[in-house]
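For reference, positions follow the sequence shown, starting with 1.
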Amino acid sequence: MLYLVLVAYIISLMQVNLTGGGEQFLLQQAQNGSTEIMWVLAVMLLHFGFSVFSVSSGLPGGNFIPTLVTGGLLGQLVGLIAVRYGLIRHENVTYVMLISMSAFLVAIERTPLTAIVLITEITGHFEVFYPSVVVGGLTYYFTELLQMRHFNVTLYEDMINAPTSGKKSATPFPWKS
């Protein structure tokens, strides 16, 4: 286990924005990011891995910004592949990133309207509203069709079913008893 901590520490020294929320890193990628598909894939998987380890550690922390960043990196990856095959121009990769951010948020949180309005409002790009509606709706449909569990429901069930330190509480929130 110690070697994982050491590897994470070394990576965090080399890529500071990768181990935090990652919003500054995502902004840099949107403005003048890398066009190397394998590098973006590696960064996305590394960021996703750090996010999974952070959430599964049981320590308090958010999953909202890392979800958006992972969705944005996934969108950049899809956009770069589309550019390579001549489906879109390189200037449109940013729009694909924004649409992917809303789709990834819909897949994780199951809140399609919130994700679509949030991305549209935060960025001020109303051009992504209708594509986000279509992609968000399809994402919601397929996650329900595949019966994927909601992330927050999973976290809640893990919290209430977690073993306590010897004393059983009647409520899932012992501070409210």
Review point. What do the steps show when you test Ile108 against Phe104 for side-chain contact (heavy atoms from CB on, under 4.5 Å), and what is the final call?
Key: CA-CA 6 Å; Ile108 299 295; Phe104 203 74; 4.1 Å; yes
Review point. Given the rule in the side-chain contact (heavy atoms from CB on, under 4.5 Å) test, do His125 and Thr94 qualify, once you have shown the distances and angles that lead to the verdict?
Key: CA-CA 10 Å; His125 289 282; Thr94 305; 5.7 Å; no
Exercise for review: Take Phe64 and Leu105 through the test side-chain contact (heavy atoms from CB on, under 4.5 Å) and record every step on the way to the result.
Suggested key: CA-CA 8 Å; Phe64 178 71; Leu105 191 60; 3.9 Å; yes
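Note that OH of Tyr141 and OG1 of Thr143 are 11.0 Å apart. Values are rounded to the nearest 0.5 Å. If you take CG on Leu77 and CG on Leu45, they are separated by 8.5 Å, rounding to the nearest 0.5 Å. Note that the CD1 atom of Ile116 and the OG1 atom of Thr111 stand 9.0 Å from one another [nearest 0.5 Å]. Phe129 CZ to Thr123 OG1: the interatomic distance, rounded to the nearest 0.5 Å, is 11.5 Å. Put simply, CG on Leu113 and CG on Leu118 are 12.0 Å apart, with the number rounded to the nearest 0.5 Å. Here the CE atom belonging to Met101 is positioned 4.5 Å from the CG atom belonging to Leu68, to the nearest 0.5 angstrom.
The closest side-chain heavy-atom distance from Gln76 to Met44 is not below 4.5 Å. Contact check for His47 versus Val69: side-chain heavy atoms found under the 4.5 Å cut-off. Residues Met97 and Leu73 form no side-chain contact, since every pair of their non-hydrogen atoms from C-beta on lies 4.5 Å or further apart.
If you chain together hydrophobic residues whose side chains sit under 4.5 Å apart, Val106 and Val78 never meet in one group. No continuous path of ILVMFWY side-chain contacts below 4.5 Å connects Leu74 to Leu146, so the two sit in separate hydrophobic clusters. Ile81 and Val40 fall within the same hydrophobic cluster, defined by Ile, Leu, Val, Met, Phe, Trp and Tyr side-chain heavy atoms under 4.5 Å apart, directly or through other members. Following chains of ILVMFWY side-chain contacts shorter than 4.5 Å, one can reach Met38 starting from Leu80, so the two form part of one hydrophobic cluster. Taking hydrophobic clusters as Ile, Leu, Val, Met, Phe, Trp and Tyr residues chained together by side-chain heavy-atom distances below 4.5 Å, Tyr95 does not share a cluster with Val133.
For Ser100 (side chain) and Gly71 (main-chain N/O), a donor-acceptor pair under 3.5 Å exists by modelled atom type.
Counted within 6.0 Å of CD on Glu36, heavy atoms from surrounding residues, nucleotides or ligands total 12 or fewer; the atom is thus considered open.
Residue Val135 comes nearest to Ala103 through the heavy atom pair CG1-CB, 3.5 Å, listed as atom of the first residue, atom of the second, then distance. When all heavy atoms are compared, the tightest approach of Gly79 to Val96 is N-CG1, 3.9 Å. Closest of all the heavy-atom pairs between Ile119 and Ser102 is CG1-CB, 3.7 Å. Between Pro131 and Ile99, the closest heavy-atom pair is CB-CD1, 3.4 Å.
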